[in-house]
There are 2 protein chains.
Amino acid sequence: MKKNVTMRDIAEKMNVSSVTVSKALNDKDGVSDDLREKIKTVAETMGYRINAAAKSMRDGYSYNIGVIIPERFAGANQSFYLQMYQHISKVLEGYNYSGIMHLLTDEDERNKRLPHLYYEKKVDGFIVLGQMDKEYLKEIKGMDIPIVLLDFYDEYDDVDSVITDNFFGAYELTNYLIRKGHQEIGFVGNLYSTSSIQDRFLGYYKSLLEHHLVMNPEYILNDRDEKGTYIDIEVPKKLPTAFVCNCDQVAFNFISTLKKAGYKIPEDCSIVSFDNDIYATITEPGLTTVEVNVEEMAKTAVRFIIEKIKGNDENNGRVSVKGNIIYRDSVMEQKAR
Amino acid sequence: MKKNVTMRDIAEKMNVSSVTVSKALNDKDGVSDDLREKIKTVAETMGYRINAAAKSMRDGYSYNIGVIIPERFAGANQSFYLQMYQHISKVLEGYNYSGIMHLLTDEDERNKRLPHLYYEKKVDGFIVLGQMDKEYLKEIKGMDIPIVLLDFYDEYDDVDSVITDNFFGAYELTNYLIRKGHQEIGFVGNLYSTSSIQDRFLGYYKSLLEHHLVMNPEYILNDRDEKGTYIDIEVPKKLPTAFVCNCDQVAFNFISTLKKAGYKIPEDCSIVSFDNDIYATITEPGLTTVEVNVEEMAKTAVRFIIEKIKGNDENNGRVSVKGNIIYRDSVMEQKAR
DNA sequence: CTGAAAGCGCTTACAG
DNA sequence: CTGAAAGCGCTTACAG
């Protein structure tokens, strides 16, 4: 098998020019159909494969997109961003692009060191996956290639971002509880920890307001410290009839705490949450939860970045992708009392 | 900010040739230290970034490695290969390489369609992550670039592979049970399903043989059908005092089955398993299990592929990476009876 | 120590 | 419909 078959090799073999070969293989005008077919056949036989580097150099695109993920979001039990990357990678293939993952270390983030992918012009744009230091983000925004933020947004609206509709998801989830007859509903999550939790809390709150239900501060439970480390959740003396938890893992922890305190789920207290990750299925009972539409988010982010690369510099702003409620057995109909 | 600063731009600005700029920036001989420093400074100021495509074309390397993962191994609850990819990607960066994930669809696998990364010469080699169809593998092996198999091996020894030491891990795990006084030890896993399970079974068996303990066929329990779908595990009338499960998830399922049958773990039956994934910690009690050394496996696979690309065509054969036993609370000392 | 020339493999703009 | 020329940005081998 010959190692490096080039267009010129094919051209020589067929006594045509390499220009004609290029046109034939790329389905461009300027070759007769007959010759085109012949060239394609010979190319196939000779095992011709295009040289991406040469093409890249010629037209100035690398056909690669960098996906920046802060390393702290890619730990052993956090597969969410890895799943997201997987979808991105898959969607990019459909555009003839490749996705290159870049794990951002805490150190590089602190020292504002941009990915080597940037310094080598190895990518045409970046999808930035996961909230990061503001100063670092500013640095990222200073690059002269397009970026799209994924699963978080910047305070300034000058850059596109694709996020889950946390607000609306929690709102729908709470509406569902209310339809099931619940009037006293708590929330579990540290409101000062992440933007997602805040939005979920506010969606929950809006639902309460809309139904003229009271938000009882004693039913707003903290689940983690400022650094994000989970803490023991303090169970109030008297329980509401339901809780909205900010994520499945916290729901899992909380249910185990409630069980130890002698409560039965969902008989004594209904629980709903967010993510539909593994914790939603291993909890007894299974959790009614909002599934994030990872695929749709990936598709949207990729579409935006490709558009920008193609030169369409329209600002898409902040786009929310709606999740779906997955119904399981953690909610019980509440009789009026 | 100027868009595309090239070496020539720097050269013109400084009244030297682009050859000199190239030498200076690449720390090659042939430039005075003084000039070198000046060039570097100017390059920095002008925001020069090397063009990977041009470099690639020149020296024939893409500085990319493809990582092929069969799509069925990258489902929502299977983050193992994604973790592995993440480590590969990280290790590659240290070699100035990038890892590009390619998800192999069942369809492409059936039709023996090679990754587009290959047809575009976009990668210098492939790490093949996860067992796949033999016919497809043959196709892969027919490519004219280096490959390394990761987490599985081929029946022929002509290609390098890096695997977990399943055999030795299960052997050590069983030895541990025996040291704890267990004499009747079962195994959970379909022996005809995957090579990993087989090897784990054989390691378990060797430990029994070495200690002159009987392998009771009634204590070898099936956990899945031929397609890999988990089935209800049939609990034997009389239990041995311990079981080696082929993975944490199965241990999780099995323990839940045993509990429902009224057994207490580890009092009535000790359990050990493999993987140290999320199931090892959510099981009550936590599982004593073998942790796969993902990082070391990634390092080894990357080292092999880079060596091969650099032209060292020494055959490394099949290399096993040892795991570590993580001790938790699923094993109880067994008093002699 | 410095630089002119050549070439990596492709594609576009232009001439015939 | 076909092809000669030029150029993308770099680096190596060679000449001075």
Side-chain angles (χ1 to χ4, degrees), chain A residues 2-40 42-43 46-64 96 118-124 144-145, chain B residues 2-40 42-43 46-64 96 118-124 144-145:
Chain A
K2 203 173 164 213
K3 269 263 165 167
N4 263 321
V5 184
T6 68
M7 285 188 179
R8 190 200 294 264
D9 295 331
I10 301 174
E12 276 171 13
K13 182 150 198 167
M14 301 191 65
N15 281 317
V16 294
S17 80
S18 62
V19 176
T20 303
V21 175
S22 171
K23 284 176 187 160
L25 295 182
N26 287 304
D27 285 325
K28 301 244 157 147
D29 282 344
V31 210
S32 65
D33 287 351
D34 189 40
L35 184 54
R36 185 193 303 285
E37 285 316 309
K38 273 188 198 143
I39 289 175
K40 284 193 177 177
V42 174
M46 294 176 75
Y48 173 76
R49 295 177 286 136
I50 197 175
N51 184 323
K55 186 176 164 57
S56 269
M57 186 158 78
R58 186 84 229 303
D59 58 34
Y61 295 114
S62 68
Y63 299 99
N64 291 138
N96 245 304
Y118 173 69
Y119 291 118
E120 292 169 4
K121 293 200 183 124
K122 218 170 166 175
V123 295
D124 302 334
D144 57 357
I145 54 178
Chain B
K2 204 173 163 213
K3 268 260 164 171
N4 263 321
V5 184
T6 68
M7 285 190 179
R8 190 198 295 264
D9 294 331
I10 300 174
E12 275 169 14
K13 181 151 197 162
M14 301 192 67
N15 280 317
V16 294
S17 79
S18 61
V19 177
T20 303
V21 175
S22 170
K23 283 174 187 161
L25 295 181
N26 288 303
D27 285 324
K28 301 244 155 145
D29 282 346
V31 210
S32 66
D33 287 351
D34 189 40
L35 183 54
R36 183 192 305 283
E37 285 315 309
K38 273 187 198 143
I39 289 175
K40 284 191 176 177
V42 174
M46 294 177 74
Y48 173 77
R49 295 177 285 137
I50 197 173
N51 183 321
K55 187 176 163 57
S56 269
M57 185 160 77
R58 185 85 230 303
D59 58 36
Y61 295 113
S62 67
Y63 299 99
N64 291 139
N96 244 303
Y118 173 68
Y119 291 117
E120 292 169 5
K121 292 200 182 123
K122 218 170 166 176
V123 295
D124 301 335
D144 59 355
I145 54 178

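Remember, predicted model here, so these are calculated numbers, not experimental data. Here is the naming used below: chain letters follow the sequence lines, and residue numbers restart at 1 for every chain.
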**Prompt:** Looking at dC10(C), dC10(D), dG3(C), which one has an atom nearest to any side-chain atom of Met7(B)?
**Reply:** dC10(D)
**Request:** Take Ser32(B) and Ile50(A), find for each the nucleotide of DNA chain C with the closest heavy atom, and name the residue whose nucleotide sits nearer the 5' end.
**Result:** Ser32(B)
**Request:** Look at the side chain of Lys121(B) against the base of dG9(C) and say whether a donor-acceptor pair falls under 3.5 Å; ignore hydrogens and angles.
**Result:** no
**Lys55(A) NZ to dG9(D) C1', straight-line distance once rounded to whole Å** = 17 Å
**Asked** What integer distance in Å separates Asp29(B):CG from dC1(C):C1'?
**Response** 10 Å
**Prompt:** Can you tell me if Ser62(A) uses its side chain to pair, donor with acceptor, with the backbone of Lys122(A) under 3.5 Å?
**Reply:** yes
**Request:** Run the numbers on Asp144(A) and Lys121(A) for salt bridge (charged side-chain N to carboxylate O under 4.0 Å, His left out), then give the verdict.
**Result:** CA-CA 10 Å; Asp144(A) 57 357; Lys121(A) 293 200 183 124; over 6 Å; no
**Fill in**
Each base of DNA chain C marked ( ) or [ ] if paired in-strand (Watson-Crick or G-U under 3.5 Å), | if paired to another strand and . if unpaired gives |||.||||||||.|||
**Asked** Would Asp9(B) and Lys13(B) count as a salt bridge (charged side-chain N to carboxylate O under 4.0 Å, His left out) if you check the C-alpha gap in whole Å, the side-chain angles of each, and the deciding distance to 0.1 Å?
**Response** CA-CA 6 Å; Asp9(B) 294 331; Lys13(B) 181 151 197 162; over 6 Å; no
**Message:** Heavy atoms only, 4.0 Å cut-off, all strands: where does Lys28(A) land among base, sugar-phosphate and nothing?
**Reply:** sugar-phosphate
**Prompt:** Out of curiosity, Ile50(A) CD1 to Ser22(A) OG, how far, rounded to the nearest 0.5 Å?
**Reply:** 7.5 Å
**Message:** Tell me the interatomic distance from Asp27(B), atom CG, to dT12(D), atom P, rounded to whole angstroms.
**Reply:** 13 Å
**Asn26(A) side chain vs Lys28(A) backbone, donor-acceptor pair below 3.5 Å** = no
**Asked** Are Ser22(A) and dT11(C) close enough that a side-chain N or O sits under 4.0 Å from OP1 or OP2?
**Response** yes
**Asked** For Asn26(B) and dC10(D), what is the distance between atoms CG and C1' respectively, to the nearest whole Å?
**Response** 9 Å
Using nucleotides 5-8 of chain D, report all nitrogen or oxygen pairs with the protein that are shorter than 3.5 Å.
from, atom 1, to, atom 2, distance (Å)
dG7(D), N2, Arg58(A), NE, 2.7

**Complete:** note: Tyr63(B), atom OH; dC10(D), atom C1'; distance rounded to Å ~ 12 Å
**Item:** Straight-line distance of Thr20(B) OG1 to Met14(B) CE, nearest 0.5 Å
**Value:** 10.0 Å
**Prompt:** To the nearest 0.5 Å, what is the distance between OG1 (Thr6(A)) and CE (Met46(A))?
**Reply:** 8.0 Å
**Asked** When rounded to the nearest 0.5 angstrom, what distance separates OH in Tyr118(A) from CD1 in Ile145(A)?
**Response** 6.5 Å
**Prompt:** What integer distance in Å separates Leu25(A):CG from dT11(C):P?
**Reply:** 8 Å
**Message:** Tell me the interatomic distance from Ile39(A), atom CD1, to dT11(C), atom P, rounded to whole angstroms.
**Reply:** 13 Å
**Message:** When you measure from the side-chain N and O atoms of Thr20(B) to the phosphate of dG3(C), is any distance below 4.0 Å, counting only OP1 and OP2?
**Reply:** yes
**Asked** Rounding to a whole Å, what distance do you find between Asn15(A):CG and dT2(D):C1'?
**Response** 13 Å
**Closest non-hydrogen atom pair, Val31(A) against Arg36(A)** = O-NH2, 3.9 Å
**Prompt:** Do other residues, nucleotides or ligands put more than 12 heavy atoms under 6.0 Å from the NZ atom of Lys38(A)?
**Reply:** no
**Request:** Would you tell me if any nitrogen or oxygen in the side chain of Tyr61(B) comes within less than 4.0 Å of OP1 or OP2 on dT11(D)?
**Result:** no
